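Ligands are counted one by one from 1 in listed order, and the atoms in each one are counted from 1 as well. What you see is a predicted model; the values in this text were computed from it and never measured.
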Amino acid sequence: MTEKKDDHKDEIETGEAEPSRRNFFKTTAAGLAGAGALSMGILPFGTATDAQASSKSGPKEHVGPGELDEYYGFWSGGQSGEVRIIGIPSGRELKRIPVFNWDAAYGWGTTNFSKSEMKGRISGDTHHFHLSYKDGTYDGKYGFVNDKSQARLARVRLDMLVTDKIIDIPNSSGTHGIFPSRHKIDAVYCNSEFRIPLPNDGRDLEDPTKYGCLHSCVDAESMEVRWQIMVDGNLDLCATDYEGKYSMACCYNSEEGVTLPEMMAKDRDWLVVFNLERIEAAIKAGKGIKIGDSDVPVLDGRGDSEFTLYIPVPKSPHGVNVDPTGKYAVCSGKLSPTVSVVELSKVDEAFAGKIKPRDCVIAEPEVGLGPLHTAFDNRGNAYTSIFLDSVVTKWNIAKAIAGENPVIEKVDVHYQIGHINASMSETKDADGNWMIALCKFSKDRFLPVGPFRAENEQLFNISGEKMKMVHEGAAHAEPHDALIVTRDLIRPKKVWPRDDKRFEFERALAKKHGVTLEAAANVITEGNHTYVYMVSIAPAYSLPKFNVPLGNTVTVIVTNMDGVEDLSHGFCLTQHDINFGLSPKETASVTFKADKKGVFWYYCPWFCHALHLEMRGRMIVS
Ligand code: CUK
Ligand code: CUA
């Protein structure tokens with residue numbers, strides 16, 4: 001680890017050679033009255049002390065003031081609709097990335113860019129966040145996250161750690177498990193969990209035997225849905241192999257029931273494995289059909305289809321996780337105390353008809369009541385979250401295959417754990433340092449805060465013989481799933497490149513009006529639409545005032561021309577429900593109706609300067 005200690009200290013290339021924000025304050029603000037108070041809230045930006053970082057007894061557990069974490073944690077935020085970035089092992093919440101949710105700090109859901117992605121919707125349910133891969137490990141380019149509530153998939157850019165694309169998955173309800181290809185940036189596979197009429201246009205309303213579920217393939221670069229395939233049962237969690245041959249999904253409700261007793265009737269459901277080569281070939285050959293309004297080709301993967309392999313596993317399986325060697329997929333029983341170990345090389349034989357699907361299961365150890373998800377270390381061990389027992393079970397894969405009792409240790413978690421993950425667990429570079437337990441109930445662990453209680457996340461050092469809890473933290477609803485990623489793989493920029501594609505809309509508009517975004521102070525009225533261009537440079541906007549005729553549509557385009565790291569401004573227009581942030585060298589715009597006569601101040605909502613409070617102007621509507 002020592003050689004990595006400086007990886008975030010050096011300046012990351014931004015095309016700028018400007019001073020850090022601290023130096024900015026020292027040099028430009030020092031002369032201002034009261035400037036000393038500005039140092040509040042600005043923490044020293046140090047690096048981890050190397051002596052601790054490379055201790056032989058495992059990873060460094062304590063991160064002191066001014067020290068940096070060794071890992072980025074990426075948390076899906078559940079019903080909050082967001083993604084969070086947590087420093088590991090400190091547990092510091094570093095940022096919330098709004099994805100499907102409206103957010104005032106960054107103006108997500110207010111700016112024209114975010115509105116065009118959100119399309120009028122302001123809620124979501126993010127369960128699974130995964131990063132893009134190259135050769136079995138993270139490449140630092142994208143993150144992908146599902147919205148279970150409105151059947152969407154979103155992409156986060158890791159260079160800026162912002163949402164850049166949201167798409168709807170057609171003919172789907174409850175988009176739940178997702179997983180990207182692990183061999184290269186290629187596809188993201190998405191499971192729909194709820195069976196619906198296909199198409200869901202009013203037909204087959206009361207005939208659940210005609211409902212269906214789809215597994216969808218989304219192109220990771222274009223974010224277009226390439227194909228879909230219909231399956232038996234309900235799809236739940238998703239995984240891919242390391243070679244690009246298979247995607248797979250746990251599949252419960254093989255009964256295809258709509259009530260709870262109907263869905264739980266059978267002792268076995270399936271792990272369904274998708275043969276990507278055969279599917280792609282059939283799509284290429286034009287064998288897909290269209291459903292409803294969607295142009296996406298759909299194949300039939302039900303029954304004895306050549307595209308799918310239904311491997312029987314007990315009972316209502318939930319999580320499916322592929323181990324870091326790429327050899328095994330582990331399915332959790334949920335309603336069975338077992339996990340099923342599927343040997344992926346046998347899947348080839350089963351697709352070839354040489355063995356029965358069930359013969360792919362090579363071990364089925366008992367791990368506890370209500371197994372949900374499994375993480376891995378780099379020593380051949382698996383860690384399964386056990387919901388009903390409120391424990392994590394550590395077990396050895398080789399022992400399970402050999403038919404021995406594989407359980408090494410069980411550790412209590414508080415309480416009712418859902419997801420579990422370990423550092424780099426879903427890559428070939430699993431390092432066996434950290435494990436996070438994301439608990440659904442905190443009960444007595446924290447001060448009560450009303451009937452809705454805090455959620456609880458617990459961090460364990462798993463590098464030694466025993467799992468050791470080192471941190472427990474209350475979390476806002478709901479820390480759903482998490483990734484723990486070594487920090488050298490994530491290299492966010494500190495300043496926007498001015499030619500970024502995110503500003504395409506504003507740039508095209510400015511070009512049409514003959515305006516330079518970077519030096520703008522223009523008000524242009526075309527009929528009943530007024531365009532207002534300005535820049536922000538601490539502590540002022542380039543326009544202290546603009547006039548608008550009552551009833552006009554107004555587009556305000558602001559460019560933050562401060563290129564100093566961490567020097568954000570924003571634009572908050574009083575009485576108009578408009579507020580967004582502007583990070584260094586960012587452009588954003590908002591469009592609204594000037595439907596009230598009067599004087600309306602706009603001001604900068606991000607503390608930027610000794611004269612931050614003075615950073616404002618007037619919109620005059622007459
Ligand atoms: S699912 Cu919730 S505990 Cu949505 Cu990842 Cu397993
Ligand atoms: Cu600009 Cu505060």
Side-chain angles (χ1 to χ4, degrees), residues 21 24-25 28-29 38 41 75-79 105 124-130 145-149 174-179 190-194 234-239 249-250 252 316-321 331-335 370-375 384-388 390 392 413 415-421 426 436-441 455 457 477-483 534-542 544 558-562 564 566-572 579-584 586 601-617:
R21 193 183 185 203
F24 170 83
F25 278 121
T28 68
L38 283 172
W75 260 229
S76 49
Q79 59 272 48
D125 187 11
T126 54
H127 282 219
H128 306 110
F129 185 72
H130 292 286
V145 66
N146 75 303
D147 169 22
K148 177 164 169 170
S149 70
T175 296
H176 190 212
I178 64 159
F179 215 98
C190 306
N191 288 340
S192 49
E193 184 170 356
F194 302 143
N234 264 64
L235 298 180
D236 201 3
L237 274 288
C238 187
C250 270
Y252 70 100
S316 293
H318 184 58
V320 51
N321 300 89
C331 299
S332 301
K334 193 167 77 182
L335 301 184
L372 292 185
H373 298 279
T374 299
T384 299
S385 57
I386 314 286
F387 177 80
L388 293 175
S390 283
V392 170
V413 288
Y415 302 89
Q416 264 71 43
I417 181 175
H419 270 276
I420 187 174
N421 223 327
E426 309 208 67
I436 187 83
L438 301 167
C439 298
K440 304 293 185 194
F441 294 81
E455 312 286 317
E457 47 201 28
E478 178 196 272
H480 200 97
D481 187 10
L483 297 179
M534 62 177 101
V535 299
S536 62
I537 298 177
Y541 296 107
S542 59
V558 192
T559 298
N560 178 5
M561 283 311 291
D562 274 309
V564 176
D566 199 15
L567 214 166
S568 301
H569 299 289
F571 182 84
C572 177
N579 194 353
F580 57 91
L582 288 159
S583 52
E586 183 176 5
W601 287 92
Y602 49 92
Y603 67 90
C604 170
W606 283 70
F607 208 111
C608 56
H609 193 276
L611 296 172
H612 155 76
L613 292 178
E614 287 81 352
M615 185 165 174
R616 57 184 150 152

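Contacts of Glu455 classified as salt bridge (Lys or Arg N to Asp or Glu O under 4.0 Å), with partners at least two apart in sequence or in another chain: none. Every residue two or more places apart in sequence or in another chain was checked for a side-chain hydrogen bond (donor to acceptor under 3.5 Å, both in side chains) with Asn146, and none qualifies. With sequence neighbours excluded, the residues satisfying side-chain hydrogen bond (donor to acceptor under 3.5 Å, both in side chains) with His128 are His419.
Numbered from 1 in the order shown, with element, the atoms of ligand 1 that lie under 4.0 Å from a heavy atom of His176 read 1 (S), 4 (Cu).
Inspection of the Ser583 and Ser568 side chains reveals no N or O donor paired with an N or O acceptor under 3.5 Å.
For a distance threshold of 2.8 Å, the protein N, O or S atoms nearer than that to atom 2 (Cu) of ligand 1, listed by chain and number, are His480 NE2.
When atom types are taken as modelled, the side chain of Asn421 and the backbone of Ala482 share a donor-acceptor pair closer than 3.5 angstrom.
Remark: minimum distance from atom 3 (S) of ligand 1 to any protein heavy atom is reached at His373 NE2, 3.6 Å.
Using bins of under 30°, 30° to 60° and over 60° for the plane-to-plane angle, the ring pair His318/His176 lands in the tilted bin.
The only member of His127, Glu193, His480 that meets side-chain hydrogen bond (donor to acceptor under 3.5 Å, both in side chains) when paired with Lys148 is Glu193.
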